[in-house]
S.K.: 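Provided herewith is a single structure, encoded as structure tokens, for subsequent inquiry.
The structure displayed is predicted, hence computed values, not measured ones. Nothing fancy with the numbering, it's 1 onward along the sequence.
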Amino acid sequence: MSDLYERSAAVMPPFALHKMPFGIDHASGSYLYTDDGRKILDFGSGIAVNNLGHNYPTVVKAAHEQLDKMVHCCHNLFHYEKETALAERIVGLMGGGYKVYFSNSGAEAVEGAVKLAKYATERPAIIAFKGSFHGRTMMCTSLTASNSAYRKHYEGLVPSIYFAEYPKLFGTPYKMEDGKCPKQYFTQFDDIFKRLVDPYSVAAILMEPVQGEGGYVVPPREWVQYVREICDKYGIMLIFDEVQTGFGRTGNMFAWQTHGVKPDIMSCAKGIANGLPLSAVVGKAEIMDKWTAGAHGGTFGANPVSCAAALATIDALEGGAIENGRRMGEYFIGELKKLQAKYPVIGDVRGLGLMIGMEMVYPDGSPNREMTARIVSLALEHDLYLLSCGCDKNVVRFIAPLTVSKEEIDTALSVLGKVFDQTADEA
């Protein structure tokens, strides 16, 4: 174990310790460079933060230039160019008619989005989804339903939250006809409104347009559209948690564009500034205008350096990175499906853009958590960094930067081939 780990263990709590036999010295592009001299292909991207790869030159330049001008002055007290320019840019990305409030983290943005929905509607209840992950604050923990460990010892949580089923079609317990989304995922809302909470008491339906920690689950487009219809029918705010899906990850700037369904309110973070802390609540103007003075706030949101980096990030995304990510994602998914045809342990390959999940199963179709852990561990031995996810921890996720090259994907595929050959007798 590295000296860095031992030093960290002396000053940090157990949940903050990661038992890697190395520390990271620096990073560039798609690669991490360790303190013991290794070069590791990073297909974790800081958990979908470094969508342009590490230390993207124009983003670093913009941050340096802003550092020389002003580091902080508190956006609750003053207006400054980078904050306003970034808000204008995001409103433009939404097609107009929205307003923006900046904060620091994804959890803050989700919390802000839910607070806004409650404040604007004066309704108490929220509907979220099983398999969801929305953050670590008490509100976001209350909204999260992908792992009971995230909620352990924190009960009682925020009240008036109800959970619906998210349509994970691979392994669904419901009958599918002609490959269509089972009707139970649609009719469940009628049952919720009849038995649990009156629809006119619901402030918002909160959903990830692609579930992240829950297993990189892509919902059917027609179901997402139906949720929009439900919200319109009862005056419920539709909130998209785009913390992980936003800023090019699914092949468009935002996943709502991929689904063709616009939210009333959106939370975004992670890839917004390619590594600098920043997040945003984005809401329709008529909703945001109800959020009057004193209703919300925060000291460090809209940090000028982060805003400058975000503007440069959007420039690069629109300048070709999203298109590259879309093309590389199609190629990567296609090649992973070839592996699936060769190795039955791969139950499903799914994803949008470069948000790709590979679900591992036993011969009877049950979740194969052990193989998932083996793949992640052995890949790292071959200098490929991967992450897992899923409620059963049986999904390998691939979060390559949108700037990834075909050669780097081929390197990852070569490593995976070696790993599967090495574990063939374990499947």
S.K.: Do you know the tightest heavy-atom contact between S142 and V158?
M.R.: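 Nearest heavy atoms, S142 then V158: OG-N, 2.9 Å.
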S.K.: Measuring from I40:CD1 to H382:NE2, what's the distance to the nearest 0.5 Å?
M.R.: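 One finds 13.0 Å between CD1 of I40 and NE2 of H382.
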S.K.: May I ask you to check whether over 12 heavy atoms, not counting those of K82, lie within 6.0 Å of atom NZ?
M.R.: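 No.
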S.K.: Is any side-chain heavy atom of K115 closer than 4.5 Å to one of H296?
M.R.: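 The answer is yes, as the side chains (C-beta and beyond) meet within the 4.5 Å cut-off.
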S.K.: Looking at K168 and E359, is any side-chain nitrogen of the basic one under 4.0 Å from a carboxylate oxygen of the acidic one?
M.R.: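 K168 and E359: salt-bridged.
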S.K.: For side-chain hydrogen bond (donor to acceptor under 3.5 Å, both in side chains), just list the numbers for S279 and E108, CA-CA rounded to whole Å, side-chain angles, deciding distance to a tenth of an Å, and then say yes or no.
M.R.: CA-CA 8 Å; S279 66; E108 277 187 81; 5.5 Å; no
S.K.: Apply ring-ring contact (aromatic ring centres under 6.0 Å, His included) to F254 and F240, showing your working.
M.R.: CA-CA 10 Å; F254 300 111; F240 277 0; over 10 Å; no
S.K.: Does CD belonging to E155 count more than 12 external heavy atoms closer than 6.0 Å?
M.R.: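 More than 12 heavy atoms, drawn from other residues, nucleotides or ligands, come within 6.0 Å of this atom.
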S.K.: Report the residues that fulfil ring pair (Phe, Tyr, Trp, His ring centres under 6.0 Å) with H26, sequence neighbours left out, ordered by chain and then residue number.
M.R.: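 Ring pair (Phe, Tyr, Trp, His ring centres under 6.0 Å) check on H26 returns Y33.
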S.K.: Ignoring hydrogens, what is the shortest heavy-atom contact between Q244 and R397? Give both atom names and the distance.
M.R.: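 Taking Q244 first and R397 second, the nearest heavy atoms are OE1-NH1, 3.4 Å.
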S.K.: Identify the heavy atoms of N104 and G301 that sit nearest to each other, and give their distance.
M.R.: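 Scanning both residues completely, I find the closest heavy atoms to be OD1-N, 3.6 Å.
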S.K.: Of all the heavy-atom pairs spanning T313 and G271, show the shortest one and how long it is.
M.R.: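 Heavy-atom minimum between the residues: CG2-O, 3.6 Å.
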S.K.: How about F163 and F129: are their ring centroids closer than 6.0 Å?
M.R.: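 No - the distance between ring centres of F163 and F129 does not fall below the 6.0 Å cut-off.
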S.K.: Looking only at heavy atoms, what is the nearest atom pair of Q225 and H259, with distance?
M.R.: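 Scanning both residues completely, I find the closest heavy atoms to be NE2-O, 4.1 Å.
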S.K.: I'd like to know whether the aromatic ring centres of F43 and F398 sit less than 6.0 Å apart in this structure.
M.R.: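 So the answer is no for these two rings.
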S.K.: Going by the side-chain hydrogen bond (donor to acceptor under 3.5 Å, both in side chains) test, name the single residue among D241, T144, T141 that passes it with H134.
M.R.: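 One option only clears the test, and that one is D241.
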S.K.: Considering residues at least two apart in sequence or located in another chain, which fulfil the ring pair (Phe, Tyr, Trp, His ring centres under 6.0 Å) criterion with Y185?
M.R.: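 Scan of Y185 (ring pair (Phe, Tyr, Trp, His ring centres under 6.0 Å), adjacent residues dropped) gives Y174.
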S.K.: Distance from I356 atom CD1 to I333 atom CD1, nearest 0.5 Å?
M.R.: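 Separation between the atoms: 4.5 Å.
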S.K.: Before we go on, tell me: are the rings of H54 and Y31 under 6.0 Å apart, centre to centre?
M.R.: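 No - the distance between ring centres of H54 and Y31 does not fall below the 6.0 Å cut-off.
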S.K.: Could you list the donor-acceptor pairs under 3.5 angstrom formed between side-chain atoms of residues 282-289 and any protein atom two or more places apart in sequence or on another chain?
M.R.:
residue	atom	partner	partner atom	Å
K284	NZ	D264	OD1	3.0
D289	OD1	K99	NZ	2.6

S.K.: Within the structure provided, determine whether D198 and F193 are in side-chain contact (heavy-atom separation under 4.5 Å).
M.R.: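 No, every pair of side-chain atoms sits at 4.5 Å or beyond.
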S.K.: Going from CE on M207 to OG on S132, what distance comes out if it is rounded to the nearest 0.5 angstrom?
M.R.: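 M207 CE to S132 OG: 11.0 Å, rounded to 0.5 Å.
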S.K.: So, for N303 and V71, which heavy atoms are closest and what is the spacing to 0.1 Å?
M.R.: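 In this case the closest contact between N303 and V71 is ND2-O, 2.9 Å.
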S.K.: Measuring centre to centre across the rings, with the benzene-like ring taken for any Trp, is Y234 within less than 6.0 Å of Y200?
M.R.: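 Between Y200 and Y234, which both carry aromatic rings, the centre distance is below 6.0 Å.
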S.K.: Using a strict cut-off of less than 4.0 Å between a Lys/Arg side-chain nitrogen and an Asp/Glu carboxylate oxygen, indicate whether K39 and D383 qualify as a salt bridge.
M.R.: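 A salt bridge is absent here (no side-chain N lies under 4.0 Å from a carboxylate O).
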S.K.: Taking the six-membered ring of Y150, is the NZ or CZ of R136 close enough (under 6.0 Å from the centre) and on axis enough (within 45°)?
M.R.: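 The answer is yes, since R136 meets both limits relative to Y150.
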S.K.: Does the ring-ring contact (aromatic ring centres under 6.0 Å, His included) test come out yes or no for Y98 and W256, once each step is laid out?
M.R.: CA-CA 14 Å; Y98 285 73; W256 69 257; 7.6 Å; no
S.K.: Less than 4.0 angstrom from a charged side-chain N to a carboxylate O is my criterion; do E323 and R327 meet it?
M.R.: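 Judged by the 4.0 Å cut-off on N to carboxylate O distance, E323 and R327 do form a salt bridge.
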